[in-house]
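Please read the structure below before turning to the comments.
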Amino acid sequence: MSHVMFKKRLKKEYENQIISQIEQRLPAFRSFAAGLCGDRFVADDLVQAACERALERLDQVNDLSGVGSWVNRIIYTQWQDLLRKRKSRKVKLISFGQYRSIQQKTEQPGDVRTNTRLDIEKALDHLSDDHRAALALVAIAGHNYQEASIILDIPVGTVASRVARAKASLAEHLYSTREDRSYYTKYGR
């Protein structure tokens with residue numbers, strides 16, 4: 001076998017390993033994207049666009065252990081691009097939490113777990129895009145602060161600060177939602 005053919009075969013094997021890594025992490029990528037945007041359909045679109053971009057650029061991967069962070073960075077960049085497009089078109093889209101709130105008014109009350117999940121989704125809508133991205137990377141995608149700082153291209157301290165502020169904001173919003181629900185349950189609507 002010639003040296004060129006051997007090199008091509010090795011390159012193809014390495015590309016297949018990268019693709020396998022991407023496929024294994026698809027649920028985590030979807031979770032991260034959903035945490036960013038709060039909408040599973042938009043999240044799926046973000047992941048698909050990111051995977052397409054990643055497949056076009058497999059030659060950028062130098063280390064298999066960095067594939068997850070690399071694709072998450074692409075997802076985050078895709079999300080930022082989408083936000084810029086929305087702002088430039090001045091499109092007013094309702095958030096996932098607002099959509100669920102509208103939908104809930106036409107549905108029968110759900111169980112406690114469903115209400116809690118919906119409360120969290122609404123609370124996430126109140127976070128800034130920067131805070132939601134940091135929280136999604138750390139709390140949902142499971143990255144440490146160092147990895148999140150690389151993906152977001154910001155200092156580690158900024159990641160830590162954004163995550164702390166996001167958690168505090170979520171806790172405050174969830175506490176006030178629980179207080180509201182207790183009031184309405186006790187005194188009726």
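Note that the structure is a prediction, hence the values are computed from the model and not measured. As a basis for the values below, the full set of heavy atoms in this structure was taken, side chains included, without hydrogen atoms, waters or symmetry mates.
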Residues 145-159 side chain polar contacts: donor-acceptor under 3.5 Å, at least two apart:
residue	atom	partner	partner atom	Å
E147	OE1	H143	ND1	3.2
E147	OE1	N144	N	3.0
S149	OG	Q146	O	2.9

>> So, using side-chain hydrogen bond (donor to acceptor under 3.5 Å, both in side chains) as the criterion, who are the partners of R132 when residues are at least two apart?
In response: D129
> Partners of Q60 by side-chain hydrogen bond (donor to acceptor under 3.5 Å, both in side chains), sequence neighbours excluded?
Replying inline: W70
> Would you say I140 and L135 make side-chain contact, with heavy atoms under 4.5 Å?
Replying inline: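 A side-chain contact is absent here, since even the closest heavy-atom pair is not under 4.5 Å.
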>> Can you pull out every salt bridge (charged side-chain N to carboxylate O under 4.0 Å, His left out) where at least one residue sits in residues 57-69? Sequence neighbours excluded, please.
In response: none
> Does D81 have any salt bridge (Lys or Arg N to Asp or Glu O under 4.0 Å) partners at least two apart in sequence or in another chain, and if so, which?
Replying inline: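 For D81 the salt bridge (Lys or Arg N to Asp or Glu O under 4.0 Å) partners, ignoring immediate neighbours, are R84.
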Name each donor-acceptor pair under 3.5 Å that joins a side chain in residues 22-38 to protein atoms two or more places apart or in another chain, with its distance.
residue	atom	partner	partner atom	Å
Q24	NE2	S20	OG	3.4
R25	NH1	Q21	OE1	2.3
R25	NH2	Q21	OE1	3.4
R30	NE	D44	OD1	3.3
S31	OG	P27	O	3.1

> From Q78 CD over to I75 CD1, what is the distance, rounded to the nearest 0.5 angstrom?
Replying inline: 9.0 Å
> How many angstroms lie between CG in L170 and CG in L127, if you round to the nearest 0.5 Å?
Replying inline: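 So the CG of L170 and the CG of L127 are separated by 4.5 Å.
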>> What verdict does the side chain to side chain contact (heavy atoms under 4.5 Å, CB included) test give for Q17 and Y14, after you've listed the backbone C-alpha separation in whole Å, the side-chain angles of each residue and the deciding distance to 0.1 Å?
In response: CA-CA 5 Å; Q17 290 174 339; Y14 188 68; 3.7 Å; yes
>> So, using side chain to side chain contact (heavy atoms under 4.5 Å, CB included) as the criterion, who are the partners of D130 when residues are at least two apart?
In response: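 Result, side chain to side chain contact (heavy atoms under 4.5 Å, CB included) vs D130: Y76, S128, R162.
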